[in-house]
Student: 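Pasting a structure below so you can have a look.
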Number of protein chains: 2
Amino acid sequence: MIIKSNIQRVLRYQHCVSNFYELGFDKIYSHNLAEAVGVSPEQVRKDFSEFGIRGNKRGGYDIHQLLDTFQDIFHGKVDKRTILIGMGNIGSALVKYRGFKKKRISILAAFDIDPSKIKGTYGIPVYHFDEVDKFINENCIHTAILSVPVVSVQQVTDELVKSGIIGFLNFTPAILQVPAHVVVNNIDLYLELESLFYYIRTSEHRNINCKEDKF
Amino acid sequence: MIIKSNIQRVLRYQHCVSNFYELGFDKIYSHNLAEAVGVSPEQVRKDFSEFGIRGNKRGGYDIHQLLDTFQDIFHGKVDKRTILIGMGNIGSALVKYRGFKKKRISILAAFDIDPSKIKGTYGIPVYHFDEVDKFINENCIHTAILSVPVVSVQQVTDELVKSGIIGFLNFTPAILQVPAHVVVNNIDLYLELESLFYYIRTSEHRNINCKEDKF
DNA sequence: TTAAATTTGTGAAAAAGTTATCAAAAAGCG
DNA sequence: CGCTTTTTGATAACTTTTTCACAAATTTAA
C-alpha cells in the first residue's frame, strides 16, 4: 500500500509535537495536534494510521515514541544535502536561511553563470554552473534548488536531470517539463501573493472605513 | 454560487495565455493550456466554466478575450500594494524580487524591529515596526508579507490584524491563529524541501551507481 | 471493583475534486 | 452545400479526501 497522505501535514505534526516536547509534555492527543495545525482530530488520526502510528485509547500518543517515528519517516538523524542554482536575490537569501540548517539540511554549494559577480560571504563555495555536473556526481546529490531567472530555468533543469538530479525545489513561475521519475516542488511567490489578493477581494471583509480602497 | 476552483491554476493559465499572446497567437485550445500547465484539458474547461469563460466549439478560446477576462478576475489593471514585515534574509530578498513588480504588485514599505541595522538600499522606506499601524491606516493596506522570526510572528500578526490587515503571506513555519475573516497563505521553505527529500526517497528512482547514498 | 469519562481506530458516509463520455457546434474542405 | 474533423460544454462516472459515527480500550475516580 502506497502512502499518499499529505506529507506536509505530517511534517507540521512533527513540528508541533516537538513544541510539546520542549514544553515538557509526555503525551499528546489528536485534538491538541488538530488545533495547533488547523485540521480536524479525525484527520490527524487518519494520517497517523497511514504511517502505522498507534496511540492509546484514552491515553493519546506518547510524545517520545512519536518523535522517534517521525525521525524514521523523515530520516531525521541523517544530514541532508542539496545544491542551489542561481545566486540572485532569492538564491542568496536561501543560502543564508537558518530554517534549513536547524533541520539538518545543508546547501553544500551554490552555482551561478557568473560567480565573479557574487558579492558577500555565504559560508559555502559559489562555483560556475559548468562545474555542477562534476559536483553532483562527486558528492552524490539528488536534489537542487532552482532560483535562476525564469528564461533559463528549463535549460538548467534539463542539464541537471542529465547529471542525475531527481528532485527540484523550483522558485521560478515556470512549469518544468521533466521525466516521470523526477519530482518538482514549486514555490511561486507571485502566485501566492496574487491569490491572496483574490481571496481577500472575494471574502468581502475588509475595512469599510477605507476611503481609498485600491488594495 | 461561490467559486472554489483553484485560483492558482487559473493564474497559471493566465501566464500561459500571455505567453501565447506574445508569440502572436489569436486563439488557444484547452489542450494547449493543459499541456503547458500540466493538467488535463477537461480540467481547464471545468475551471474556465466556473468563471463563465466560454470558448467556441472547434474554435477554441479567443486569446484577447481571455486576457481581458483574466484582467477582470484578478484586477489586472490596478496596482496592488502590500507591506513587508521583517527585513532578514528572506525579507530583504523579497523587497528586491522582480517577479512582483512585473505584475504590478508593489511592496510600499518594509518594517523591522531594528531598522538601523538594515544595510543596503532597497528603493523603499524601512520603518520601525511601531510605525506600522499608522502606515496601514494612512495607506489603506489590506495585506502583509511576514518574514519575521518564527518566535515573534504570532504577536506581530495579532497587531497587524488589529490594524486592519486581512491577508497574510506567511514565510514562517508557524500556523497562525487568526480571526475567521483573515486569510493566510503559508510558504514554508523547510516543508517544501523536506517533503521533496521524502518523495525522492520513496519514489526509488535515484541513481543506483551512487556509492555514498546519503541524500 | 465498578462506573463514568475520554480518546483512539476504523469502516461507512459525505464531500470534493478529477477524468471520461458524448452530443452539439463550428470550421475546413472538396 | 454537405461531409468530415475538431473542440467545446455539460453531465455522468469515478477517484480521492475528509468527516462522521461509534465500538473498544484505557484511565480516573468513587
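Remember, predicted model here, so these are calculated numbers, not experimental data. Proteins come first, then strands; the chains are lettered A, B, ... in the order of their sequence lines, and each starts at number 1.
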Student: Is it true that a side-chain atom of A:Arg12 and a backbone atom of A:Ala36 form a donor plus acceptor pair closer than 3.5 Å?
Tutor: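 Absent.
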Student: On the nucleotide C:dT8, are OP1 or OP2 found under 4.0 Å from the side-chain N or O atoms that A:Arg45 carries?
Tutor: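 Yes, within the criterion.
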Student: Using the test side chain to side chain donor-acceptor pair (under 3.5 Å), find all partners of B:Tyr21 that sit at least two apart in sequence or belong to another chain.
Tutor: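 Residues passing side chain to side chain donor-acceptor pair (under 3.5 Å) with B:Tyr21: none at all.
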Student: Give me the residues of residues 65-74 of chain A where at least one heavy atom lies under 4.0 Å from an atom of DNA chain D, by number, or none.
Tutor: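 Nothing qualifies; none.
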Student: To the closest 0.5 Å, what do you measure between CD1 (A:Ile145) and CD (B:Glu192)?
Tutor: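 Between atom CD1 of A:Ile145 and atom CD of B:Glu192 there are 11.5 Å.
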Student: Can you name the ring pair (Phe, Tyr, Trp, His ring centres under 6.0 Å) partners of B:Phe100, sequence neighbours left out?
Tutor: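 Scan of B:Phe100 (ring pair (Phe, Tyr, Trp, His ring centres under 6.0 Å), adjacent residues dropped) gives B:Tyr97.
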Student: Check whether any side-chain N or O of B:Arg81 sits under 3.5 Å from a backbone N or O of B:Asn139 as a donor-acceptor pair, and report yes or no.
Tutor: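 Yes, B:Arg81 side chain to B:Asn139 backbone: donor-acceptor pair under 3.5 Å.
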Student: So, using side chain to side chain donor-acceptor pair (under 3.5 Å) as the criterion, who are the partners of A:Asp158 when residues are at least two apart?
Tutor: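 A:Gln154.
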Student: Any heavy-atom pair between the side chains of A:Leu169 and A:Thr82 that's under 4.5 Å?
Tutor: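 Not touching, per the 4.5 Å side-chain cut-off.
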Student: Checking A:Tyr29 now: which residues fulfil ring pair (Phe, Tyr, Trp, His ring centres under 6.0 Å) with it, not counting sequence neighbours?
Tutor: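 Scan of A:Tyr29 (ring pair (Phe, Tyr, Trp, His ring centres under 6.0 Å), adjacent residues dropped) gives A:His31.
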Student: Does B:Glu42 have any side chain to side chain donor-acceptor pair (under 3.5 Å) partners at least two apart in sequence or in another chain, and if so, which?
Tutor: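 In terms of side chain to side chain donor-acceptor pair (under 3.5 Å), with neighbours along the sequence ignored, B:Glu42 is linked to B:Ser40.
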Student: Heavy atoms from C-beta onward define the side chain here; which of C:dT8, C:dT10, D:dA12 lies closest to that of A:Lys46?
Tutor: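 Minimum distance to the A:Lys46 side chain belongs to C:dT10.
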Student: Below 4.0 angstrom from OP1 or OP2 of C:dG9, is there any side-chain N or O of A:Arg54?
Tutor: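 Affirmative; the distance criterion is met.
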Student: Taking side chain to side chain donor-acceptor pair (under 3.5 Å) as the test, write out the residues that go with A:Thr157, two or more places apart.
Tutor: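 Result, side chain to side chain donor-acceptor pair (under 3.5 Å) vs A:Thr157: none returned.
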Student: Under 4.0 Å, counting only non-hydrogen atoms across every strand here, what does A:Tyr61 touch: a base, just sugar-phosphate, or nothing?
Tutor: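 Sugar-phosphate contact only - A:Tyr61 comes under 4.0 Å of backbone atoms but never of a base.
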Student: Given atom CG of B:Asp47 and atom P of C:dT18, what is their separation to the nearest angstrom?
Tutor: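 Checked: the CG to P distance equals 8 Å.
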Student: Would you say A:Thr143's side chain and A:Gly167's backbone share a donor-acceptor pair under 3.5 angstrom?
Tutor: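 Absent.
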Student: Would you work out how much the helix from C:dT1-D:dA30 to C:dG30-D:dC1 bends between its ends, with each end axis defined by five base pairs, to 10 degrees?
Tutor: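 The two end axes of the helix from C:dT1-D:dA30 to C:dG30-D:dC1 meet at 10°.
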Student: Where do N or O atoms of nucleotides 24-30 of chain D meet protein N or O atoms at under 3.5 Å, pair by pair?
Tutor:
unit_1	atom_1	unit_2	atom_2	d
D:dT26	O4'	A:Lys57	O	3.1
D:dT27	O2	A:Arg58	NH1	2.8

Student: Rounded to the nearest Å, what distance is computed from the CZ atom of residue B:Phe51 to the P atom of nucleotide D:dT8?
Tutor: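 After rounding, the gap between these two atoms is 18 Å.
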Student: Not counting sequence neighbours, which residues clear ring pair (Phe, Tyr, Trp, His ring centres under 6.0 Å) with B:Tyr61? List them please.
Tutor: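 With neighbours one apart ignored, the set is B:Phe48.
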Student: Let's see if you get this right: which residues in residues 28-43 of chain A place a heavy atom under 4.0 Å from DNA chain C?
Tutor: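 Those residues are A:Tyr29, A:Ser30, A:His31.
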Student: Atom CZ of A:Phe48 to atom P of C:dT7: distance rounded to whole Å?
Tutor: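 My rounded result for the distance is 15 Å.
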Student: Take atom CG of B:Asn6 and atom P of C:dT18, then tell me their distance rounded to the nearest Å.
Tutor: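 So the two atoms are 8 Å apart, to the nearest Å.
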Student: Check ring pair (Phe, Tyr, Trp, His ring centres under 6.0 Å) between A:Phe25 and all other residues, then give those that pass, not counting sequence neighbours.
Tutor: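 Counting only residues at least two positions away or on another chain, A:Phe25 forms a ring pair (Phe, Tyr, Trp, His ring centres under 6.0 Å) with A:Phe20.
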